[in-house]
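To start, the structure under review is shown below, and the notes come after it.
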Amino acid sequence: MSDDIGGPDELAATAEDVGADPSAVTAALEDDTYYPTLVADWERGDEAGVEATPTVFVDGEQVDDSQDEESVVSAIEDALA
């Protein structure tokens, strides 16, 4: 598990902090419950050319500066026009 998101104990504590069942989180981690979903997401990101997180797509197009709120809002407004 990556150090920047914490280990199982930290994730379980975070789950409890937000009202989720920490034992369910621990069990899901131990059983790799969501690993197939993560792999599918990683593969889909690779296929789409995602190189960083966060990466934002609007109407199938990657927003050039996904960390800039105005860029994302502008892309959404353009897609709705």
Side-chain angles (χ1 to χ4, degrees):
M1 177 142 320
S2 174
D3 289 335
D4 54 344
I5 62 170
D9 292 339
E10 291 86 357
L11 291 172
T14 299
E16 188 170 31
D17 289 346
V18 299
D21 179 2
S23 62
V25 171
T26 301
L29 290 168
E30 290 171 354
D31 297 339
D32 289 331
T33 301
Y34 298 103
Y35 190 74
T37 302
L38 291 171
V39 170
D41 285 346
W42 292 327
E43 290 172 353
R44 189 174 61 203
D46 285 344
E47 291 169 4
V50 172
E51 296 178 1
T53 302
T55 297
V56 176
F57 286 83
V58 175
D59 200 25
E61 298 293 322
Q62 186 172 339
V63 177
D64 288 332
D65 188 358
S66 295
Q67 294 188 23
D68 177 58
E69 178 183 351
E70 290 180 26
S71 294
V72 175
V73 169
S74 178
I76 293 168
E77 289 173 344
D78 290 348
L80 294 173

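These figures come from a predicted structure and were not determined experimentally. All values below were derived from every heavy atom in this structure, side-chain atoms included, with hydrogens, water molecules and symmetry-related copies excluded.
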- prompt: Residues in side-chain contact (heavy atoms from CB on, under 4.5 Å) with A24, at least two apart?
  reply: D21
- prompt: Taking all non-hydrogen atoms of both residues, which atom of P22 and which atom of A20 are closest, and how far apart?
  reply: CD-O, 3.1 Å
With a 3.5 Å cut-off and sequence neighbours excluded, list the donor-acceptor pairs that the side chains of residues 37-49 form with protein atoms.
unit_1, atom_1, unit_2, atom_2, d
D41, OD1, R44, NH2, 3.3

task: Could you tell me the separation between the OG1 atom of T26 and the CG atom of D9, rounded to the nearest 0.5 Å?
output: 7.0 Å
What side-chain donor-acceptor pairs closer than 3.5 Å can you find for residues 52-75, not counting sequence neighbours?
unit_1, atom_1, unit_2, atom_2, d
T55, OG1, A52, O, 2.3
D65, OD1, Q67, N, 3.4
S66, OG, V56, N, 2.8
S66, OG, V63, O, 3.3
D68, OD2, S71, N, 2.9
D68, OD2, S71, OG, 2.7

